Amino acid sequence: MKNVIVFVEHSGGQTRKVTFELATQARRLADALGGEARAVVLGAGAQALVEQLKAYPLDVIAYAEDPDVDTFLLDPAVDYLVAVAQSAGPSVVLLPNTMLGRDLAGRLTARLGAAMAGDVTGIEVDGGSVACVSPKLGGKVVTTCAFKNADYGVVTIRPNSFTATAGGTGARTAQIEKPAGKSYAMVVERNVEEASSELGLEEAPVVIAGGRGMGGPEPFTSLLKPLANAFGGAVGASRAAADAGWVPYGLQIGQTGKTVSPQLYIGVGISGAIQHKVGMQTAGTIVAVNKDGTVPMGDFADLLVVGDLFTIVPELTKLVERAKAQA
Amino acid sequence: MKIVVAVKLVPDANAEKRIDSETKRLVRTGVETVLNPFDEYAIEGALQLKERLAAAPGSAEPATVTVFSMAPESAREVLRKALAMGADDAVLLTDAGLQGSDVWATAYAVAAALKKVGFDLVVTGGLADDGNTGGVPGALAEYLGVPGLTNARAIEVADGKLKVQRETDTGYQVVTGPMPALVSVTMAIGEPRYASLKGIMGAKKKTITTISLAELGLDRAVGSDGAKTEVRELAAPPVRGKGRIVEASDGAQGAQVIFDYLKEKKLV
Ligand SMILES: Cc1cc2nc3c(=O)[nH]c(=O)nc-3n(C[C@H](O)[C@H](O)[C@H](O)COP(=O)(O)OP(=O)(O)OC[C@H]3O[C@@H](n4cnc5c(N)ncnc54)[C@H](O)[C@@H]3O)c2cc1C
Ligand SMILES: Nc1ncnc2c1ncn2[C@@H]1O[C@H](COP(=O)(O)O)[C@@H](O)[C@H]1O
């Protein structure tokens, strides 16, 4: 494995911070392996993103503004990625550990006969061989997993695990040739937007999560959203809140939900059951608001404030907004 | 229509995990093996589909649900749980030679076994609780050579075509595809049912067929010989200690405590 390929996840040319985290890691790894760092951007808006990507230390930015990528599910993207990987030769492919990243990673693992590592938070090159660090078994064990017997390694990286460092190195751009004679069967009939698309929960630097203590759907909008906005973060939830139908399941954090690793997590009216904890325990700082001082959250939160969330949260929002206005 | 649900057996996430300081391996004794929580949703999704197809007017042959797992022989008991939920039968791919399989090797072996079992639709979970990779469903679709419709929160079959609502970060997509196919589900598919007493009794009489590695006639090595990854190290994660617990006298004071703390940490 010599070159490093970054899959750029985006929506109509809008990408997220994790892309730049991956690009920064790609540079470091490519230098250690003696190869190139290459990015792949596909679908509507790809071309517009190329310019933005040039601000990062990549050698090649390959793109295909092909409507098939958005019209058909996964297959065209897999074909393009395989084509880029095969022309690069033995390489490491980096994808974000998101729903789409995992979908593509599995497909590439088979197509390239690759070694795969998922939910990776550290990656090292040791004597030419690549090893990935990732929390397993609900974060109770941290494994270092080395690649062997394979020309390709496919890695999904947990967002917010690495810092993104800008610095263009004059990347070449290249249009990827459309694979010939392919027809695709999985058709995306339509897209339905339910949540506002400003920021993915997994990538948000600040997560404000609400639980059963919120008492209903309305306080998520009236209390948590403004606090999240004040921080430039996103709203998440416990399973109790998602099961009650107060928020979409997509916002659930934990064992059967999303894993988040923000700089700051604030849990509001959440008890901190083990199944919730496994989805947020790697947050930089954990703060909790709960009327009960004996909840499990108190065993691992950096700060637990015991009190009524309905009076504390609005005051906190005011303080954060004021600080922001003054900055 | 034959629906096959691929399930993984994982160590109970809620049990304490211990690493043997000598062997650097996970101590597995005393840790209960359970159905991967996501896969309970896969079973639920398959059973719902079977029931809807049976209720549909003019439905032809009844749908069946087979549960499949690649796991050690001891997995039988866990498969009974899936049968008790309502699956019709189960198949266990089990062989000492499969030990140490990674994502690639698992998908390669499971795909061969599923072809042998036969299916119109394969249903999987989205993510296994132990390894956290989520790579198997996509790799399976490739090796089975069928469409892989992922992250479904609703599955419909009409005129031999599949239609799913595929969850995205901001909502969902309606995606259609031909069958045979593979579908992975999210938990929005519906809360897994509990096994009824009748279900539990009935499960005892249902068959669990086993398949060995030799029967698959694979042309590539699987298990630890064929795996493309190897675990070099296992370590305990950094411990998160108990932090401060502060009683708030009122809302403003509670908010101030948080604000001051975040300021100290340079987070505001
Ligand atoms: C297989 C499995 C998988 C699971 N997966 C997940 C998962 O992915 N994510 C997840 O979160 N859970 C998951 N769970 C569920 C988990 O065990 C807990 O039941 C759940 O996390 C509890 O949610 P909660 O903390 O919001 O609710 P509760 O435990 O009911 O806590 C609500 C808290 O709100 C506080 N509160 C109430 N009113 C106020 C107020 N006015 N002001 C301040 N505080 C208040 C209460 O004191 C209480 O501590 C899973 C369970 C199982 C069995
Ligand atoms: N050994 C296995 N046997 C059957 N199905 C599996 C196995 N491993 C993984 N799967 C399926 O693949 C999904 C994702 O698992 P993973 O890719 O390991 O995270 C699971 O939810 C199962 O449906």
Side-chain angles (χ1 to χ4, degrees), chain A residues 73 99 102-103 105-107 109-111 115-116 118-119 131 135-150 185-195 197 200 249 255-256 264 274 281 285 287 293 298-307 311-312 315-316 319-320 323, chain B residues 13-14 17 19 26 37-38 103-104 107 129-139 142-143 147 149-151 167 169-178 186-188 228-235 237 240 242-248 250-252 254-255 257-259 261 265 267-268:
Chain A
L73 186 66
M99 279 173 150
R102 285 193 292 269
D103 281 355
R107 303 282 305 265
T109 299
R111 284 279 277 277
M116 184 195 164
D119 200 16
K136 301 282 179 211
L137 292 157
K140 292 202 175 92
V141 181
V142 178
T143 59
T144 304
C145 186
F147 293 167
K148 59 168 193 177
N149 305 333
M186 291 191 286
V187 183
V188 178
E189 306 277 354
R190 65 200 156 90
N191 281 292
V192 182
E193 298 283 316
E194 287 180 325
S197 56
Y249 276 111
Q255 187 188 7
T256 41
L264 171 63
I274 175 82
Q281 62 193 346
T285 297
V287 173
D299 296 335
F300 59 93
D302 299 296
L303 173 67
L304 166 63
V305 170
V306 185
T311 59
I312 294 175
E315 294 294 334
L316 181 59
L319 290 173
V320 177
Chain B
N14 307 325
K17 306 291 185 305
I19 298 162
L26 203 65
F38 273 105
V103 173
W104 176 83
D129 217 29
D130 53 350
N132 252 347
T133 66
V136 169
E142 285 284 347
Y143 282 130
L149 296 91
T150 45
N151 305 320
E167 205 161 300
D169 275 337
T170 55
Y172 67 95
Q173 303 178 309
V174 178
V175 186
T176 56
T186 71
M187 53 181 299
K228 295 168 188 301
T229 55
E230 74 189 333
V231 175
R232 271 209 195 135
E233 230 182 281
L234 281 178
R240 264 206 116 98
K242 208 174 167 84
R244 266 196 273 164
I245 299 182
V246 181
E247 293 275 346
D250 61 26
V257 170
I258 298 174
F259 186 79
Y261 179 72
K265 294 224 125 192
L267 288 163
V268 279

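These numbers were taken from a predicted model, which means no experiment stands behind them. Just so it is clear: chains get the letters A, B, ... in the order the sequence lines come, proteins before strands, and each one is counted from 1.
- Highest contact tally toward chain B, considering only A/T285, A/N191, A/V187, A/I274, is held by A/V187 [criterion: heavy-atom pairs under 4.5 Å].
- Of the two parts of B/P137, neither the backbone nor the side chain holds a non-hydrogen atom closer than 4.5 Å to a non-hydrogen atom of chain A.
- Within the 4.5 angstrom heavy-atom criterion, atoms from both the backbone and the side chain of B/D129 approach chain A.
- B/A107 does not touch chain A: none of its heavy atoms, backbone or side chain, sits under 4.5 Å away.
- When every heavy atom of B/P237 is checked against every heavy atom of A/K140, the shortest pair comes out as CD-O, 3.0 Å.
- The candidate with the highest count of non-hydrogen atom pairs below 4.5 Å against chain A, out of B/G135, B/G243, B/G251, is B/G251.
- With rounding to the nearest 0.5 Å, the separation of NZ in B/K228 from CZ in A/F147 is 12.0 Å.
- Atom OG1 of residue A/T311 and atom CG of residue A/L316 lie 11.0 Å apart, to the nearest 0.5 angstrom.
- In this structure, CZ on A/R190 lies 5.5 Å from OH on B/Y172, to the nearest 0.5 angstrom.
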#### Entry: side chain to side chain contact (heavy atoms under 4.5 Å, CB included) assessment of B/T150 paired with A/M99
CA-CA 9 Å; B/T150 45; A/M99 279 173 150; over 6 Å; no
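- In this view, B/K242 and A/D299 satisfy the salt bridge (charged side-chain N to carboxylate O under 4.0 Å, His left out) rule, not counting sequence neighbours.
- For chain B, the nearby parts of A/L319 are the backbone and the side chain; heavy atoms of each come within less than 4.5 Å.
- In this structure, the portion of B/Y261 lying under 4.5 Å from any heavy atom of chain A is its side chain and not its backbone.
- Residue with the most contacts toward chain A among B/I245, B/T176, B/V246, B/D250: B/T176 (heavy-atom pairs, distance under 4.5 Å).
- Contact of A/A301 with chain B is made through the backbone alone, with heavy-atom distances under 4.5 Å.
- A donor-acceptor pair is defined here as one N or O able to donate and one able to accept, closer than 3.5 Å; such a pair exists between the side chain of B/T186 and the backbone of B/A188.
- Using a 4.5 Å cut-off between heavy atoms, B/V268 contacts chain A through its side chain alone, with no backbone atom that close.
- With chain B as the partner, the residue from A/L264, A/T109, A/V320, A/L73 showing the most heavy-atom pairs under 4.5 Å is A/L73.
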### Task
Tell me, with the steps shown, if A/K136 and B/T133 meet side chain to side chain contact (heavy atoms under 4.5 Å, CB included).
CA-CA 9 Å; A/K136 301 282 179 211; B/T133 66; 4.3 Å; yes
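- For A/V287, the part lying under 4.5 angstrom from a heavy atom of chain B is the side chain only.
- The nearest pair of heavy atoms linking A/A185 to B/P178 is CB-CD, 3.7 Å.
- When each of A/A146, A/A150, A/A323, A/A131 is checked for heavy-atom pairs under 4.5 Å with chain B, A/A146 comes out on top.
- No other option in A/A105, A/G298, A/G307, A/P135 has as many heavy-atom pairs under 4.5 Å with chain B as A/G298.
- Contact annotation for A/L303: both backbone and side-chain heavy atoms come within less than 4.5 Å of a heavy atom of chain B.
- Exactly one residue among B/R240, B/K265, B/R244 makes a side chain to side chain donor-acceptor pair (under 3.5 Å) with A/D302. That residue is B/R240.
- Each of A/R107, A/M116, A/E315, A/R102 has some count of heavy-atom pairs under 4.5 Å with chain B, and the biggest count is that of A/R107.
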